[in-house]
Amino acid sequence: MSTVLDTEQATDVGSADAYESLIARLSQQSVVKHFDAYADVPWDDPDYRIDPADPRWELDDDDPLGATDWYKAQAQEVRARIGLHGIVNAMKTGLQFESVLKRGLLEYASTLPNGAPEFRYAYHEVIEEAHHSLMFQEFVNRSTLDPPGMPKLMQIGSRGVVKLGRRFPALFFLFVLGGEDPIDYVQRQELRSSKGIHPLLERIMRIHVTEEARHLSFARSYLKRHVPELSWAKRQMLAVRVPFILGTMAGTMLRPSSEMVRRYRIPKSVLEEAFDDNPQARQFVRDSLRKVRNLCVELGIVTLVSKRLWKAFGIWDEPAAA
Ligand SMILES: [Fe+2]
Ligand SMILES: [Fe+2]
């Protein structure tokens, strides 16, 4: 299996022609390199079976929770189950996010005039996301665990994001990057590491990063092309709302769900040690947002006021560090 991961296409979209030809290339890629959730994943191969006690699910020292003495003191089966539970909850969250994304993309596409190249690409992306969600849900089902995914409040709040696809697509695509960029960052790190990854998880992640490279490229290009055309007032709205969205999402995505905390009785002090008082974990969150943060700087939507919000959420880093 190839170890080279597809990366984003160059996004120089300074002219309308360059922007349209990028969208045409991305659309063509969706035709020649796409995956089917069932035809392209050997679900019933005995090597792909999910055993919750499999030591390959265990968290290692690179993981904030895995590094704690509390985690290391758990029985092997519990350590493995906690690792698997984190994966399936992230997948459930991912497919709930993709549901919002698909509905928002359809809203966005419904506003486009005949002949708009974005229409075709948006539909390719909806189709690909539907296959991702089928893969994630199938994995969750086979794990025999029952993760809730996003916290309830976030699920309710996310319904408003769907409408942004029609009313304020620039904010919608920044929300999209806020979800896709950190996950892509985490999955690429996992795939590049030398850890023994379960083959089913590896297959799903490889399919995912390949197609996400195109989605990220489209979202970034859309923003580079359209944010400069927005009114001053709309750009101010982006400046203030984006750090709220990113800060809230990153905070919940990269730590255990409250259901996991209850089920495994993870003490509050352990969570503080692993996440709140851990400079490395906090840096990891900032790193996972680096690309979208740098894009916001490039788009001119990090203002003096909004930078304070980024800092308050603990997601700011100076762009020079990139
Ligand atoms: Fe996806
Ligand atoms: Fe995507």
Side-chain angles (χ1 to χ4, degrees), residues 5-9 11 22-23 25-31 33-41 87-109 118-141 147 149-150 154-155 158 161-162 164-165 169-191 200-223 245-246 249-250 252-254 288-289 291-292 295:
L5 302 175
D6 282 26
T7 48
E8 281 183 50
Q9 304 248 348
T11 48
L22 174 80
I23 294 176
R25 282 204 304 282
L26 294 173
S27 297
Q28 175 60 11
Q29 280 298 309
S30 288
V31 176
K33 197 169 188 183
H34 63 108
F35 300 90
D36 180 291
Y38 288 94
D40 295 315
V41 181
I87 292 167
V88 292
N89 198 65
M91 286 192 182
K92 187 76 191 182
T93 304
L95 74 93
Q96 289 161 339
F97 168 80
E98 287 175 342
S99 166
V100 173
L101 169 55
K102 289 191 286 270
R103 285 177 284 151
L105 279 170
L106 291 174
E107 289 289 322
Y108 163 67
E118 293 97 337
F119 182 93
R120 173 177 163 188
Y121 186 72
Y123 270 71
H124 280 308
E125 187 167 329
V126 169
I127 293 162
E128 287 164 11
E129 292 298 0
H131 279 287
H132 299 170
S133 297
L134 284 172
M135 289 194 302
F136 293 155
Q137 187 64 58
E138 185 66 33
F139 188 101
V140 169
N141 296 350
M150 284 183 199
M154 200 181 248
Q155 288 186 41
S158 70
V161 176
V162 173
L164 294 175
L171 184 55
F172 173 73
F173 282 111
L174 279 159
F175 164 85
V176 169
L177 283 177
E180 291 190 329
D181 245 351
I183 295 298
D184 191 63
Y185 177 83
V186 170
Q187 292 186 331
R188 280 173 190 273
Q189 276 209 336
E190 293 271 315
L191 288 171
L200 176 58
L201 181 60
E202 179 172 3
R203 180 72 182 137
I204 290 175
M205 286 202 293
R206 278 193 190 279
I207 291 175
H208 202 240
V209 296
T210 299
E211 297 190 329
E212 288 307 311
R214 302 196 289 261
H215 305 172
L216 292 165
S217 184
F218 176 65
R220 256 189 267 283
S221 308
Y222 175 89
L223 290 163
I245 293 175
L246 301 185
M249 284 168 74
T252 46
M253 279 194 307
L254 300 171
S288 74
L289 288 168
K291 281 169 81 180
V292 60
L295 176 69

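In listed order, ligands and their atoms are each counted from 1. Positions are given from 1 along the sequence.
In H132, the N, O or S atom that comes nearest to the Fe ion (ligand 1) is ND1. As for H215, its N/O/S atom nearest the Fe ion (ligand 2) is the one called ND1. When you scan the N, O or S atoms of E98 for the one nearest the Fe ion (ligand 1), you land on OE2.
I204 is listed as a side-chain neighbour of F136, based on a closest heavy-atom distance under 4.5 Å. Under the 4.5 Å side-chain criterion, counting only non-hydrogen atoms from C-beta, Y185 is in contact with Q189.
Rounding to 10°, one obtains 130° for the angle at the Fe ion (ligand 2) between OE2 (E180) and OE2 (E212).
Distance check for H208 against the Fe ion (ligand 1): an N/O/S atom falls below 2.8 Å. Residue E129 counts as close to the Fe ion (ligand 1), with an N, O or S atom under 2.8 Å.
Side chain to side chain, E129 and H132 meet the donor-acceptor criterion of an N or O pair below 3.5 Å. In this model, a donor atom of one side chain and an acceptor atom of the other lie less than 3.5 Å apart for R103 and S99.
The NZ atom of K102 sits 9.5 Å away from the CG atom of L105 when rounded to the nearest 0.5 Å.
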